[in-house]
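First comes the structure, then the notes that go with it.
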There are 4 protein chains.
Amino acid sequence: MMKTKDRILDVARKMIAEVGFHSTTTALLAQKAGISEGTIYRHFASKDDILVTILDELDERYSEFITQLKTEGDGHPGTIERVLEANFKFVAEHLEGIKIVLSSFALLPPSRRSMNSVIDRMRTFAAESIVRSMELGVIRQVDPERTAMVLVALLLGLLELRLYWPENTDINAEAVAFCRQALVKIQ
Amino acid sequence: MMKTKDRILDVARKMIAEVGFHSTTTALLAQKAGISEGTIYRHFASKDDILVTILDELDERYSEFITQLKTEGDGHPGTIERVLEANFKFVAEHLEGIKIVLSSFALLPPSRRSMNSVIDRMRTFAAESIVRSMELGVIRQVDPERTAMVLVALLLGLLELRLYWPENTDINAEAVAFCRQALVKIQ
Amino acid sequence: MMKTKDRILDVARKMIAEVGFHSTTTALLAQKAGISEGTIYRHFASKDDILVTILDELDERYSEFITQLKTEGDGHPGTIERVLEANFKFVAEHLEGIKIVLSSFALLPPSRRSMNSVIDRMRTFAAESIVRSMELGVIRQVDPERTAMVLVALLLGLLELRLYWPENTDINAEAVAFCRQALVKIQ
Amino acid sequence: MMKTKDRILDVARKMIAEVGFHSTTTALLAQKAGISEGTIYRHFASKDDILVTILDELDERYSEFITQLKTEGDGHPGTIERVLEANFKFVAEHLEGIKIVLSSFALLPPSRRSMNSVIDRMRTFAAESIVRSMELGVIRQVDPERTAMVLVALLLGLLELRLYWPENTDINAEAVAFCRQALVKIQ
DNA sequence: CATGAATGAGCGTTCATTCAT
DNA sequence: AATGAATGAACGCTCATTCAT
């Protein structure tokens, strides 16, 4: 049997992803989790605390994911594709959390903080991949920082299209090809 | 002297862009607009109606903008760059409206509808530009629909980075270069 | 017809005096005042604000009362009796307010502040009366400050007995006689 | 090692004296006593029951104190001073309990009951002392009941000044002198 | 056209009390 | 004896909306 705290988190994650933080009322949350409203406050200091817990967990997962990606990828070619594809995979496995961040980073400070850290990690890792790829001679010479930022922008846009317009055809493969072409070494 | 209705819209646009639709209370809106709360309801059916009006206006402007772009651009080369650059310009001139749509399309139906139509227009126009560019032989052969979608994704990501992380260096030029390289004809 | 704000204040004063600030709920207050709960917050920023308003009003009245007492009493003999008797009269005319202060100054900061100022004024005025009476030669030589404080203590105790044990026989006259005897000049 | 019940009482007495009965929550009480919330209800029927137990204990102590005072004092002169001074001593030894009663007798029925009995005993004892002192010829002829009540009022006022304005100079000695002068036999 | 007082449903949160373990 | 998770009623407060003037 699942612990109450985890059940609250699970239900909250779903609700916030679906209807947003504001419309996720404690009354409805308690009802859907099959507990009383007061019980929420035995496990969380406030409604905000629930959001922060969800975001912190996602942060942690993303940090682990980036770390793992770095250790795995050592010496392998084709790293730019891997940056993109690995991120696609991470997103697919954390749809709800990502939806929450993307839909509220503009307005909710905790979400904003989370988004800051995600973007920072993404950009740093992308820049490192670009530098390595240039050293390996598999891509042409570019400004690593700026190009990494362009990749982050593309990734961000792809994410939103995927999450909020899932009925569209999947263009991830096309995006990877687009990037490869943009960065490929001209012989 | 400005009409009351327009003053309400102006103040509302600023407030919603800054703090979001939920945190924009009718009480504060009335106060900042120098009118009484009841007066808002002389001009708008509901708080939602204000948002819809703002969004419809933005829609209208974007539609005009796309139309103008099409007539202007006939027969000119380098259309992909123009798609991007013209959009950057439009955004710069409608910062508040764009901020509202981007920060709420995931949660507010009217915003969602607006975003749908913007993305649709953007994608259609990009696809047309790509087709034309291919006919002119200035870019390589690609799938127009999918590539247009990739461009939309990139545009969307760039917008968000620009609006919510304005402290970052402007990478618009880099993005344009990135796209040119991705699409350029290999001789 | 009475203004809503004043009706709220009136009902609140009665309720707080009777059952205390904690037990005076906004729901009950609204009901007894014949208004909705939300209306309270059109006139007061918070429940605390109602208390503060009541206390400030009482403060103001007491300040006026002391001022008037000073101007009236110039040159008249028997001032110690007048200090006591005037205070009895003030209390009788502001029973509810006084009850509120006395019942909550130990626990509620705004009430505490109010009580501080009342005691201060009372003591200062008593000390001045004592000094004047000594100069006039109608009372014996005493330490004015300390004796004033004793009078304040007695006044405070009499007040509480009167307000919370109204079934007891009125001992105000006895108290005045007690003080006269304690201060009278021994020939 | 202290029994759990006594530890609860001790912590509760301190908390209630400091922040009041309302602000003394069972959660905080349990935490400060190093027990779980449920344990409180093994030893007390309700939160109210804790208060009543504390008050009953104080009542008991005061009753013992008065009894002892009566047996001790037989035949000794200067009894009025002793009434006052003994009470000062009792207060000093039961500060917390006294603070609880004084701060809540106006609003909490159990506290009110306690205060009734204290005042009754105080007044009765004071009246007896006065009668005896008159018989011994050490004070002038006064109405014993009413004068006792005046003494109780003074005592009550002194207590409050002492407990809630401890920064003031101690006027107990002055108060004793004041009473002696008020009651002394004029030769 | 404009006001602003009034509404009332709903919000997040608290807390004394219960009960299975 | 003790625990601590769960309860649920009540709390202070917010806010979009209405309506008599």
Side-chain angles (χ1 to χ4, degrees), chain A residues 3-5 7-8 21-31 33-51, chain B residues 3-5 7-8 21-31 33-51, chain C residues 3-5 7-8 21-31 33-51, chain D residues 3-5 7-8 21-31 33-51:
Chain A
K3 281 288 206 328
T4 301
K5 180 162 185 172
R7 195 158 69 252
I8 295 173
F21 184 67
H22 256 109
S23 300
T24 298
T25 66
T26 50
L28 210 56
L29 171 55
Q31 187 195 303
I35 54 169
S36 82
E37 234 177 313
T39 300
I40 294 175
Y41 292 87
R42 287 202 67 72
H43 298 281
F44 299 95
S46 65
K47 199 186 141 190
D48 259 87
D49 189 28
I50 299 178
L51 177 64
Chain B
K3 279 283 180 37
T4 300
K5 181 163 185 172
R7 194 157 68 253
I8 295 174
F21 184 66
H22 255 110
S23 299
T24 298
T25 65
T26 49
L28 206 57
L29 171 55
Q31 188 196 302
I35 55 169
S36 82
E37 234 177 315
T39 300
I40 293 176
Y41 291 85
R42 294 233 137 248
H43 297 280
F44 300 94
S46 65
K47 197 185 145 191
D48 260 85
D49 189 28
I50 299 178
L51 177 64
Chain C
K3 280 290 203 324
T4 300
K5 180 162 187 174
R7 195 158 68 252
I8 295 173
F21 184 67
H22 256 109
S23 300
T24 298
T25 66
T26 50
L28 210 56
L29 171 54
Q31 188 194 303
I35 55 169
S36 81
E37 231 176 317
T39 299
I40 294 174
Y41 293 88
R42 286 203 68 72
H43 298 281
F44 299 95
S46 65
K47 200 186 140 190
D48 260 87
D49 188 29
I50 300 177
L51 178 64
Chain D
K3 280 282 182 39
T4 300
K5 181 164 185 169
R7 195 157 69 252
I8 295 173
F21 184 68
H22 255 109
S23 300
T24 298
T25 65
T26 50
L28 206 57
L29 171 55
Q31 186 196 303
I35 55 168
S36 81
E37 235 177 315
T39 301
I40 293 174
Y41 291 84
R42 294 232 138 249
H43 298 279
F44 299 94
S46 66
K47 197 184 145 191
D48 260 86
D49 188 28
I50 300 177
L51 178 64

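By convention in this document, chain letters (A, B, ...) are assigned in the order of the sequence lines, proteins followed by strands, and residues within each chain are numbered from 1.
If you check every strand for non-hydrogen atoms under 4.0 Å, I40(B) touches nothing.
Here the closest heavy-atom approach between residue K47(A) and residue H22(A) is recorded as NZ-O, 3.8 Å. Residues I50(D) and F44(D) come closest through the heavy atom pair CG1-CG, 3.6 Å.
The separation of dT21(F) from dC1(E), taken at their C1' atoms, amounts to 13 Å, rounded to a whole angstrom.
For the pair I35(D) CD1 and dA16(E) C1', the computed distance is 14 Å after rounding to whole Å. Atom CG of D49(A) and atom P of dG12(E) are 14 Å apart (whole Å). One can place CZ of F44(A) at 15 Å from P of dT14(E), the figure rounded to the nearest angstrom. When rounded to the nearest whole Å, the span between CG of L28(A) and P of dA9(E) equals 18 Å. Following rounding to the nearest Å, R42(D) (CZ) and dT21(E) (C1') show an atom-to-atom distance of 12 Å. To the nearest angstrom, C1' of dA2(F) lies 15 Å from NZ of K3(D). As a whole-Å value, the separation of Q31(B) CD from dA16(F) P is 14 Å. Taking atom NZ on K5(B) and atom C1' on dC1(E), their separation rounds to 14 Å, with Å as the unit.
Where S36(C) and T39(B) each meet DNA chain E at their nearest nucleotide, the meeting point lying more 5' is that of T39(B).
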Item to check | Dot-bracket summary - DNA chain E, pairs being Watson-Crick or G-U whose distances fall under 3.5 Å, with | when paired to another strand | outcome: .||||||||||||||||||||
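Under the rule for a side chain to side chain contact (heavy atoms under 4.5 Å, CB included), the partners of T24(D) that lie at least two apart in sequence or sit in another chain are M15(D), I16(D), V19(D).
To the nearest 0.5 Å, atom OG1 of residue T26(B) and atom CD of residue Q31(B) are 11.5 Å apart. Rounded to the nearest 0.5 Å, atoms CD1 (I40(B)) and OG (S46(B)) are 11.0 Å apart.
Inter-residue side-chain proximity for I8(D) and K5(D) is flagged as unmet; no heavy-atom pair is nearer than 4.5 Å. Within the 4.5 Å cutoff, the side chain of I35(C) has heavy atoms near those of the R7(C) side chain.
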Next on the checklist: Using the rule given for side chain to side chain contact (heavy atoms under 4.5 Å, CB included), can you reason through H43(B) versus T39(B), listing the C-alpha separation, both sets of side-chain angles and the distance that settles it, and then say yes or no?
Outcome noted: CA-CA 7 Å; H43(B) 297 280; T39(B) 300; 4.0 Å; yes
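Distances shown here put a side-chain N or O of H43(A) below 4.0 Å from the OP1 or OP2 atom of dA6(F).
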Expected rows: protein N/O vs nucleotides 9-13 of chain F N/O, under 3.5 Å:
from, atom 1, to, atom 2, distance (Å)
dG12(F), OP1, K47(C), NZ, 2.8
dG12(F), OP2, T26(C), N, 2.8
dG12(F), OP2, T26(C), OG1, 2.9
dC13(F), OP2, Y41(C), OH, 2.6
dC13(F), OP2, K47(C), N, 2.7
dC13(F), O5', Y41(C), OH, 3.4
dC13(F), N4, E37(C), OE2, 3.3

